[in-house]
Every structure is written in structure tokens, then in C-alpha cells.
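Just so you know, these numbers come straight off a predicted model, no measurement behind them.
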Amino acid sequence: MLRFVAFCLLLFSNSLAFAGDVRLSAAASLTDALTEITETYSQQHAALSFIRNFGSSGTLAKQLSSGAPADIFISANPKWMDFLRGEKLVKADSICVLTHNELVFVTDPEVRAASLDDLPKLERIAIGSPDSVPAGQYARQALIGAGLFDSLCAAGQLVYAKDVRQALMYADRGEVDGAFVYRTDARLAREAVIRFVVSPDLYPEVTYPMALTLAGAKNPEAAAFFDFLQSAEAQAVLAKHGFVVK
């Protein structure tokens, strides 16, 4: 019920958008970088304002599919972009890659874990819910590749988070022994530390595709900001926040 009310409020607030507004739905792991980019851009375009909606890519994609308005959608993996393209809710020829990331494992400072092989020794491990959170999907793929996923599930060691930031929070507070998060999120931890980088051979490259929605393609301000995201200035901000810029 609370989720329904929150979704209705989101629809209502977004319905109040005026000319000069750009409605941005983006993966939670981009929160800090995109907040900086949009604030910088707003300073250069005084009449423009942003309505930002950050969350798990799956949740955001389902919101758009249910009618929530947005001009630009940025996912933390191609799956949910493909979903919206199949629903014909994004402008297919606008789809491009914004940036990349990598998966790491963080723990409380008192916990020792040098590799995936050490995970069975831990009691509680946080990952984003694999059904909607790309970081969780990548983590699940890595654990399957390492032959650990089924045994960890059976032992009840996996704790599912609503998004990657919540998984980090669990580890940072010591509520779990460790968590799978993106390197960019790990940089924000107050207590948790990176123990190892998950081998890129175990999961697909973390890719952030972005696209204009059909409404966004008709919004000149959204189209202009979409182009700016691909500029050297915006890419430099992403790199500053730890994203992999190619």
C-alpha cells in the first residue's frame, strides 16, 4: 500500500512539470555524479530545472511502463533498456552508452575476505535484489560462475537490498558481514572497505545505457541535456566519481 501511495505521489509531482523542466530517471548508483552534473548544467541554464528520480533500474523501468513521465532514462544494465525499447517507450535511435563501472566486495573493517572463496565463511552477505537491481544481477552471475550462489542461498546467507546504495548501507553499518556494490558506491562508505574486485571474467561489463523517452525526444531542453551528458565536461565529472569513461 505504501509503495502504491508513493508511486501515485511520484506521478502527481511529475505531472506538474512545466516547460523548461527535464525529468530524469536514473540508476541509484549515478545519484552523486548526476546530481553534480545537473546542478552545474542548471547554473549555465537559469530557466531550466531538473526533476530527478533515482532508484533501481528495474523499478524505474516499471514506473515508466506504468505511465510515470520521464524525458531521459539511464539504466545500470542493458536489460531494462531493452525492456523499454520493447515497450516502445524510448527513442530507439537515441540509445547509447553513458559510462561503465565495476563490481567490488566491501566488508566491515573487522571482517576478512580476500576473494569469493572466503564468502561461505561469512554469515550475512548483502546484494541488490537480482530481479530488479543490476548490481544484484551482476553479483548473482558472478556467484553462479564461481559455483557459490546455490549454496549461499540454501544457507540463508544472502540479504537482498532494494538497490545498491542500500546494500552498501548494510555493510557500512555492520548489519551484514559484506556486500557486493559498485566501485563508485564503495567510495562513499564511511566504515566499510573494499576487500577485492570481482573478476570481470565472471559477469558482463557493467554498462549504463541511456536514451530519450518518446516525450523527451519532443522536449528541446531534454535533448540538449542528453547531448551534454556525452560531452567531455560531463564525462570528466563521471570519471571524478569513479566511473569508467572510455
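Of the possible donor and acceptor atoms, none in the side chain of S56 sits under 3.5 Å from a partner among the backbone N and O of D163. A donor-acceptor pair under 3.5 Å is absent between the side-chain atoms of E233 and the main chain of I37, judged by distance alone. The closest donor-acceptor contact from the side chain of Q230 to the backbone of F226 lies under 3.5 Å. In this structure a side-chain-to-backbone donor-acceptor pair under 3.5 Å is present from D177 to E123. Under the 3.5 Å distance criterion, the side-chain polar atoms of T59 are left unmatched by any main-chain donor or acceptor of G55. Side-chain atoms of S42 come within 3.5 Å of backbone N or O of T38 as a donor-acceptor pair. Judged by distance alone, the side chain of S231 and the main-chain N or O of F228 form a donor-acceptor pair under 3.5 Å. For T207 (side chain) and E205 (main-chain N/O), a donor-acceptor pair under 3.5 Å exists by modelled atom type. Using modelled atom types, one side-chain atom of Q157 and one backbone atom of P120 make a donor-acceptor pair closer than 3.5 Å. Between the side chain of R52 and the main chain of T31, no donor-acceptor pair closer than 3.5 Å is present.
With hydrophobic clusters built from ILVMFWY side chains whose heavy atoms lie under 4.5 angstrom apart, M210 does not share a cluster with L214. Using a 4.5 Å cut-off between side-chain heavy atoms of Ile, Leu, Val, Met, Phe, Trp and Tyr, with links allowed through other members, L119 and F149 fall into the same hydrophobic cluster. No continuous path of hydrophobic side-chain contacts links V106 to M169 [ILVMFWY only; heavy atoms under 4.5 Å]. When hydrophobic clusters are built by joining Ile, Leu, Val, Met, Phe, Trp and Tyr residues whose side-chain heavy atoms come closer than 4.5 Å, directly or via intermediates, V90 is not grouped with V97. Both L152 and Y160 sit in one connected hydrophobic cluster of ILVMFWY residues. Membership requires side-chain heavy atoms under 4.5 Å apart, directly or through other members.
Closest approach of A139 to I127, counting heavy atoms only: CB-CG2, 4.1 Å. A186 and V104 get closest at one heavy-atom pair: CB-CG2, 4.0 Å. What you find for R112 and L122 is that their closest heavy atoms are O-CD2, 4.4 Å. In plain terms, the two heavy atoms of Y170 and A161 that are nearest each other are CE1-CB, 4.0 Å. Between L158 and C153, the shortest heavy-atom distance links the atoms CD1-SG, 3.6 Å. The two residues I95 and A211 make their nearest non-hydrogen contact at CG1-CB, 3.6 Å.
For the 3.5 Å distance criterion, the side chains of H45 and E221 fail to qualify, holding no donor opposite an acceptor. Remark: the S29 side chain and the R165 side chain contain no N/O donor-acceptor pair separated by less than 3.5 Å.
Between I51 and V22, the closest side-chain pair of non-hydrogen atoms is not below 4.5 Å. Looking at heavy atoms from C-beta onward, L34 lies in side-chain contact with L24 at the 4.5 angstrom threshold. Counting heavy atoms from C-beta outward, W80 and S65 have side chains that stay 4.5 Å or more apart. The shortest distance between side-chain heavy atoms of V206 and E102 does not fall below 4.5 Å. Put simply, the side chain of L84 reaches to within 4.5 Å of the side chain of L64, judged on heavy atoms. Using a 4.5 Å heavy-atom cutoff, the side chains of K162 and S129 are not in contact. Proximity of V245 to H100: side-chain heavy atoms (C-beta onward) are nowhere separated by under 4.5 Å. No side-chain heavy atom of V133 sits under 4.5 Å from any side-chain heavy atom of R140.
Salt-bridge check for K240 with E36: passed, with a basic side-chain N closer than 4.0 Å to an acidic carboxylate O. Of the charged side-chain nitrogens involved, at least one lies within less than 4.0 Å of a carboxylate oxygen, so that D93 and K91 count as a salt-bridged pair.
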Problem - From CA spacing to verdict: side chain to side chain contact (heavy atoms under 4.5 Å, CB included), Y182, Y138 - result: CA-CA 10 Å; Y182 296 126; Y138 292 126; 3.6 Å; yes

Handout entry: Derivation and outcome, side chain to side chain contact (heavy atoms under 4.5 Å, CB included), residues R183 and I194
Key = CA-CA 8 Å; R183 179 182 287 279; I194 296 176; 4.1 Å; yes

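Taken from CG in L30 to CG in L98, the straight-line distance is 6.5 Å, to the nearest 0.5 Å. In this structure, T99 OG1 and H241 NE2 are separated by 11.5 Å, a value rounded to the nearest 0.5 Å.
A side chain to side chain contact (heavy atoms under 4.5 Å, CB included) with F105 is found for exactly one of I125, L116, V197, D118, namely I125. Among L148, L202, V198, the one residue that satisfies the side chain to side chain contact (heavy atoms under 4.5 Å, CB included) test with L143 is L148.
Checked against the 6.0 Å centroid threshold, F225 and F50 count as a close aromatic pair.
Listed by chain and residue number, F243 satisfy the ring pair (Phe, Tyr, Trp, His ring centres under 6.0 Å) test with Y208 (two or more places apart in sequence, or in another chain).
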Can I get a per-line list of side-chain donor-acceptor pairs under 3.5 Å for residues 70-77, giving both atom names and the distance, sequence neighbours left out?
residue, atom, partner, partner atom, Å
D71, OD1, R23, NH2, 3.2
D71, OD2, R23, N, 2.8
D71, OD2, R23, NE, 3.3
D71, OD2, N219, ND2, 3.4
S75, OG, N77, N, 3.1
S75, OG, N77, O, 2.6
N77, OD1, K79, N, 3.3
N77, ND2, Q137, OE1, 2.5

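Counting non-hydrogen atoms of neighbouring residues, nucleotides and ligands closer than 6.0 angstrom, the CD atom of Q44 exceeds 12 such neighbours.
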